[in-house]
Amino acid sequence: MYFFNSLNRSKALFEPITPETVGLYCCGPTVYNYAHLGNLRTYIFEDILVRTLREAGYKTNHVMNITDVGHLQSDADDGEDKMALAAEREQRSPWEIARYYEDIFFEDCKSLNIARPDVVCRATEHISQIIEFVNRLVQCGVTYESEGNIYYDTTCFTHYHELRGGPVDHSAALSRVENDQGKRLGADFVLWFSKSKFPRQIMKWESPWGIGFPGWHIECSAMASTYLGSRIDIHCGGIDHIPIHHTNEIAQSEACFGHRWVNTWMHGAFLILDKGKMSKSSDNFITIQTLREEGFKPLHYRYLCLGAHYRSELHFSWDALDGAKRGLENLYNRVLALRHASPIKKTVRSVVELADHYRYVFWTALADDLNAPVALSTLWAVIKDGDLDSSTKLSLVGEFDRILGFGLMEAQPPILSEDRMALITARNQARAQGDWALADEIRKQLADQGVMVKDTRTGTEWYVTDIL
RNA sequence: GGCGCGGUGGCAGAGUGGUGAUGCAGCGGACUGCAAAUCCGCGUACGGCGGUUCGAUUCCGCCCCGUGCCUCCA
């Protein structure tokens with residue numbers, strides 16, 4: 001398998017540290033608000049990654065953090081604690097806020113058929129590990145204390161710009177955020193805040209440096225090493241984490257361990273709206289709930305996402321989502337039709353070879369840096385191939401869907417209510433009597449309810465448009 | 001201002017130095033009482049201008065446009 005590694009910006013053959021198991025860490029949500037579709041796109045990408053690894057025969061140790069410590073708008077003094085803000089806004093404690101949004105997050109994931117990570121770890125439940133990690137960094141001599149906070153001194157780490165690909169000029173006058181006066185260098189970052197800048201700071205803990213709370217980047221390093229050790233196969237996240245968060249994670253972890261920390265860094269690209277990327281701090285904010293209100297199902301969105309490569313920006317529009325919806329509904333109806341078809345499986349050589357060909361194409365696509373669009377197109381090719389019998393098609397669909405995750409094999413044939421059934425019967429009587437006007441009227445009624453009828457030689461069949 | 005990424009048919013979006021995926025939408029035909037579904041077929045798509053090449057959408061340069069990052073961000 002080949003994955004694109006953000007570290008050197010090229011694809012490389014993936015080889016896990018230990019032969020059978022892959023340890024991967026994925027940056028999870030900051031739970032002070034609902035996840036939006038852009039966030040969720042990244043988790044869909046990671047889900048495809050995990051499923052692909054498992055299908056390839058690896059055991060996975062998939063770890064995801066929950067950032068339930070309010071982290072700062074910035075390191076500047078006027079930064080805001082998002083968790084505290086949400087707590088104030090909603091008149092609930094930060095812990096209640098965090099748990100509420102965490103629950104919704106995993107419900108959203110479930111509705112998207114995103115497998116739950118093997119380990120989900122909350123920052124607030126790993127404060128001691130975080131403190132221990134900071135402590136080791138202090139002992140390594142890569143930190144300094146200033147204005148009550150512990151900072152990481154980025155000049156101590158020679159590879160600091162490796163992931164980001166080059167230094168950033170923090171003196172730029174156009175920077176949106178004021179510089180933190182406690183920093184020696186713009187790139188330095190806080191490991192532990194012991195002098196809370198917030199008058200009503202609620203989440204705080206004792207530490208060797210005073211009562212306070214951890215910086216954002218440190219939680220990932222601390223928890224990742226807790227569950228995966230000091231060497232990690234794959235670390236994922238959104239592309240926006242490259243320049244700051246992941247760069248800082250590397251600095252902390254490699255300073256602490258003294259060796260390469262993560263072998264492969266994988267980053268998902270943004271979901272783009274007409275007005276730019278979707279983001280929590282703007283009105284470009286669409287959630288799973290919004291989606292439902294607009295008449296879509298979460299899986300429609302999954303289908304949309306898998307039509308694009310994870311490293312390409314995806315242009316979201318309701319139009320595009322509608323196309324995905326129709327595509328997935330068609331897929332469901334196709335698969336349902338396959339189940340009703342003759343179960344006789346052809347075992348002639350040509351069919352077996354053809355099936356293997358599709359398996360090869362499908363797998364090769366995924367093994368080439370998770371090319372889901374090609375994998376998806378292969379699924380369609382299978383369904384439409386006239387040389388394959390339905391039984392063979394069905395087993396291929398089942399295999400492919402283990403990775404694509406649309407739940408195609410679990411799709412339940414829709415059940416028609418009695419009155420709708422009666423309508424169909426009535427229509428057939430009208431047809432038998434040649435009363436086309438009445439028959440068409442009934443057909444229209446059914447269509448309005450999402451029930452489409454088709455008259456075949458063997459009788460009238462029906463299907464529903466919204467099968468999901 | 002600095003750095004990065006991208007511009008593919010109506011929409012979304014793969015991919016490739018030479019027969020231009022796939023899905024949705026659209027068109028034509030078969031089928032049908034008419035439809036629908038299905039099947040068969042269809043679209044002079046690769047931002048612009050140059051360069052390299054036998055040949056470029058694919059490589060290079062410039063331009064235009066869009067977008068991302070520059071310490072909240074998936």
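This is a predicted model, so every value here is computed, not measured. So that the names make sense, note that chain A is the first sequence line, chain B the second, and so on, each numbered from 1.
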(Q) Should the side chain of R41(A) and the base of A74(B) be counted as holding a donor-acceptor pair, with the cut-off at 3.5 Å? (A) no

Q.
Check whether K393(A) reaches the backbone of D385(A) with its side chain - one donor and one acceptor, N or O, closer than 3.5 Å.
A. yes

Q: Check every strand shown and say whether L321(A) touches a base, only sugar-phosphate, or nothing at a heavy-atom separation below 4.0 Å.
A: nothing

Q) Hey, what do you get for CD (Q252(A)) to SG (C220(A)), rounding to the nearest 0.5 Å? A) 8.5 Å

Q.
Could you check, using the six-membered ring where one of them is a Trp, whether F406(A) and Y303(A) have ring centers closer than 6.0 angstrom?
A. yes

Q. What is the nucleic acid contact for W436(A), judged by heavy atoms within less than 4.0 Å: base, sugar-phosphate only, or nothing?
A. base

Q: Determine the Euclidean distance between corresponding P atoms of G6(B) and U44(B); express it in Å to zero decimal places.
A: 30 Å

Q) Distance between the P atoms of C63(B) and C3(B), in whole angstroms? A) 13 Å

Q) On a whole-Å scale, what distance lies between the P atoms belonging to A25(B) and A36(B)? A) 12 Å

Q) Closer than 4.0 Å, any side-chain N/O of H315(A) to the OP1 or OP2 of C11(B)? A) no

Q) Ring centroid separation for F400(A) and Y358(A), is it under 6.0 angstrom? A) no

Q.
What's the closest nucleotide to the side chain of N330(A) if the choices are C24(B), G4(B), A14(B)?
A. C24(B)

**Q.** Integer angstrom distance from the P of A12(B) to that of C5(B)
**A.** 23 Å

Q: Give a yes or no on whether a donor-acceptor pair under 3.5 Å exists between the nucleobase atoms of C72(B), that is its base, and the side chain of D240(A).
A: no

Q. Which part of the nucleic acid does T378(A) contact within heavy-atom distance under 4.0 Å: base, sugar-phosphate only, or nothing?
A. nothing

Q. Base, sugar-phosphate alone, or nothing: which one does R427(A) contact when heavy atoms must sit under 4.0 Å apart?
A. base

(Q) For a quick check of understanding: with a heavy-atom distance under 4.0 Å over all strands, which category does F45(A) fall into, base, sugar-phosphate or nothing? (A) nothing

Q: Indicate yes or no: does D322(A) engage K325(A) in a salt bridge with an N to O separation below 4.0 Å.
A: no

(Q) Categorize H267(A) for me: base, sugar-phosphate, or nothing, with a 4.0 angstrom heavy-atom threshold over every strand shown. (A) nothing

Q: With heavy atoms under 4.0 Å as the rule, sort G38(A) into base, sugar-phosphate or nothing.
A: base

Q) Can you tell me how far C1' in A14(B) sits from the matching atom in C39(B), rounded to whole Å? A) 26 Å

(Q) Taking any heavy-atom pair under 4.0 Å as a contact, classify Y303(A): base, sugar-phosphate, or nothing. (A) sugar-phosphate

Q. Roughly how far apart, to the nearest Å, are G23(B) and C42(B) at atom P?
A. 14 Å

Q) So is R116(A) actually on top of F106(A)'s ring, under 6.0 Å and inside 45° of the axis? A) yes

Q. Quick one: do K444(A) and D440(A) make a salt bridge, cutoff under 4.0 Å?
A. no

Q) When we call it a touch if two heavy atoms are under 4.0 Å apart, what does N248(A) touch: a base, just sugar-phosphate, or nothing? A) nothing

**Q.** Distance, C1' atom - from U57(B) to C49(B), rounded to whole angstrom
**A.** 15 Å

Q: Could you say whether the aromatic ring of F270(A) and the base of A74(B) stack, counting only centre distances under 5.5 Å and plane angles under 30°?
A: no

Q | Same-atom distance (C1') from U16(B) to C59(B), integer angstrom | A | 12 Å

Q) For K444(A), which contact category applies under a 4.0 Å heavy-atom criterion: base, sugar-phosphate, or nothing? A) nothing

Q: Using a 4.0 Å heavy-atom cut-off across all strands, classify H241(A) as base, sugar-phosphate, or nothing.
A: sugar-phosphate

Q) Quick one: the side chain of D440(A) and the base of G33(B), do they pair up donor-acceptor inside 3.5 Å? A) yes

Q.
Categorize A269(A) for me: base, sugar-phosphate, or nothing, with a 4.0 angstrom heavy-atom threshold over every strand shown.
A. base

Q: Mind checking E461(A) for me? I need base, sugar-phosphate or nothing, with any heavy atom below 4.0 Å counting as a touch.
A: nothing

Q | Proximity to the side chain of L314(A) - top-ranked nucleotide from G13(B), A36(B), G33(B) | A | G13(B)

